[in-house]
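Have a look at the structure below, then the notes.
Start at 1 with the first residue, then count along the sequence.
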Amino acid sequence: MKKLVLAIISLFAFTFSTFAKDPAEGLWKSIDDKTGKVTAIWRIYEQNGKLFGTIAATTNDPQDVIATPCKESYKNFPVAGPVNKMTTVGTPWIFNMEKESVGNWKDGNIIDPSNGKMYGCVIKYLNVGDKNKKFVATVPTLAMAGTVGPIQVFQYWIQATEDDVKKAQQEHPAKN
């Protein structure tokens, strides 16, 4: 009987962990390193075992701005069509991230829609008190790095809410 109970508990634990959301998923505010201001609110999500990120709302531009500085195409970009004609909001600028461990993703790409530059990408979820380089998280944080070869330049993003998205959309509505 004890073996049966243990088997059932193990099955539930395995099932829950298999379907549990990765802590990197959700809404995150990207913060400008120089000004400390929020630049966008990102929606990070897992799809078919890979991590992606779209801008859910911009905080400086109208929500329907087209990413004209981008190239027409990028290697392995997950959406068909000319990238330089896509909107900044809703396009997967972070794509094809591979899971390294829970909350840690690597070997994907990020495109900066404001200038069209593509970088490698690393994402690390930090709990309160966790460290990344000299940074210590005081709130749940995403350490998000654009990479060029072995060089990693981190930004630290903080959690956001759907209310943050709505507020940004109201403050900077679409023009069309």
Side-chain angles (χ1 to χ4, degrees), residues 20-70 74 76-79 83-84 86-128 130 132-133 135 137-148 152-174:
K21 189 169 111 170
D22 189 272
E25 290 183 80
L27 293 169
W28 299 92
K29 296 176 187 177
S30 58
I31 313 241
D32 184 276
D33 295 334
K34 294 177 182 126
T35 66
K37 293 185 179 184
V38 175
T39 57
I41 301 167
W42 289 78
R43 186 174 312 278
I44 306 296
Y45 59 96
E46 189 174 346
Q47 183 176 330
N48 299 323
K50 296 196 179 220
L51 199 71
F52 295 84
T54 61
I55 295 176
T58 61
T59 58
N60 300 316
D61 296 314
Q63 303 305 308
D64 57 352
V65 165
I66 303 297
T68 55
C70 291
Y74 293 88
N76 299 322
F77 195 73
V79 178
V83 180
N84 59 353
M86 295 181 185
T87 57
T88 299
V89 173
T91 300
W93 301 113
I94 297 172
F95 55 97
N96 298 332
M97 303 285 301
E98 299 283 339
K99 189 173 211 161
E100 185 173 35
S101 61
V102 174
N104 295 299
W105 298 80
K106 64 179 185 171
D107 296 335
N109 292 98
I110 184 168
I111 297 172
D112 182 341
S114 70
N115 62 24
K117 292 182 181 176
M118 184 167 85
Y119 304 94
C121 190
V122 172
I123 292 178
K124 298 177 181 186
Y125 175 80
L126 305 175
N127 274 313
V128 174
D130 288 350
N132 185 60
K133 309 254 179 208
F135 178 86
T138 58
V139 296
T141 303
L142 273 192
M144 199 296 301
T147 65
V148 177
Q152 297 179 336
V153 178
F154 280 93
Q155 282 190 334
Y156 297 95
W157 297 2
I158 58 173
Q159 284 186 318
T161 66
E162 288 293 342
D163 286 340
D164 293 323
V165 173
K166 289 176 189 169
K167 181 179 176 189
Q169 290 169 337
Q170 290 169 351
E171 290 176 357
H172 302 280

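- For the residue pair I66 and N84, the shortest heavy atom distance occurs at CG2-O, 3.3 Å.
- Contact detail for T58 and H172: the closest heavy-atom pair is O-CD2, 4.1 Å.
- The salt bridge (Lys or Arg N to Asp or Glu O under 4.0 Å) analysis of residues 47-56, with sequence neighbours excluded, yields the pairs K50-E98.
- Formation of a donor-acceptor pair under 3.5 Å by the N104 side chain with backbone atoms of S101 is not found in this model.
- A143 and L126 make their closest contact through CB-CD1, 4.0 Å (heavy atoms, listed as atom of the first residue, atom of the second, distance).
- Remark: N48 engages no residue in a side chain to side chain contact (heavy atoms under 4.5 Å, CB included) (not counting sequence neighbours).
- In terms of the side chain to side chain contact (heavy atoms under 4.5 Å, CB included) criterion, residue partners of T161 (sequence neighbours excluded) are, by chain and number, D163, D164.
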Worksheet item: Going through the distances and angles, do Y45 and F52 end up as a ring-ring contact (aromatic ring centres under 6.0 Å, His included)?
Response: CA-CA 5 Å; Y45 59 96; F52 295 84; 5.8 Å; yes
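- The line from CZ of F135 to CD of Q155 is 11.5 Å long, rounded to the nearest 0.5 Å.
- At least one side-chain heavy atom of W93 sits less than 4.5 Å from a side-chain heavy atom of V83.
- For T59 (side chain) and A168 (main-chain N/O), no donor-acceptor pair under 3.5 Å exists by modelled atom type.
- With hydrogens and angles disregarded, no donor-acceptor distance shorter than 3.5 Å links the side chain of Q169 to the backbone of Q63.
- Atom CG of L142 and atom CD1 of I31 lie 11.0 Å apart (nearest 0.5 Å).
- Put simply, CH2 on W105 and SG on C121 are 11.5 Å apart, with the number rounded to the nearest 0.5 Å.
- Pairs passing the salt bridge (Lys or Arg N to Asp or Glu O under 4.0 Å) check and including a residue from residues 112-126, sequence neighbours excluded, do not occur.
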Practice prompt. Determine, stepwise, if the pair Y119 / V153 fulfils side-chain contact (heavy atoms from CB on, under 4.5 Å).
Written response: CA-CA 10 Å; Y119 304 94; V153 178; over 6 Å; no
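- Side chain to side chain, N109 and Y74 fail the donor-acceptor criterion of an N or O pair below 3.5 Å.
- Using modelled atom types, no side-chain atom of T91 and backbone atom of M86 make a donor-acceptor pair closer than 3.5 Å.
- Under the 3.5 Å distance criterion, the side-chain polar atoms of D107 are left unmatched by any main-chain donor or acceptor of M97.
- Of all non-hydrogen atoms in D130 and Y125, the two that sit nearest each other are OD2-O, 4.4 Å.
- Distance CD1/I41 to NZ/K29: 6.5 Å, rounded to 0.5 Å.
- To the nearest 0.5 Å, atom CD1 of residue I44 and atom NZ of residue K21 are 11.0 Å apart.
- In this structure, the ring-ring contact (aromatic ring centres under 6.0 Å, His included) partners of W157, at least two apart in sequence or on a different chain, are W42.
- Scanning for side-chain hydrogen bond (donor to acceptor under 3.5 Å, both in side chains) contacts around D61 gives an empty result, with sequence neighbours left out.
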Worksheet entry | Intermediate values then yes/no, side-chain contact (heavy atoms from CB on, under 4.5 Å), I111 and F77 | CA-CA 10 Å; I111 297 172; F77 195 73; 3.8 Å; yes
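- The two residues T54 and G90 have their closest heavy-atom pair at CG2-O, 3.7 Å.
- Dense packing is recorded around NZ of K99, with more than 12 heavy atoms of other residues, nucleotides or ligands lying under 6.0 Å away.
- Separating the NZ atom in K167 from the CD atom in E162 is a distance of 15.5 Å, to the nearest 0.5 Å.
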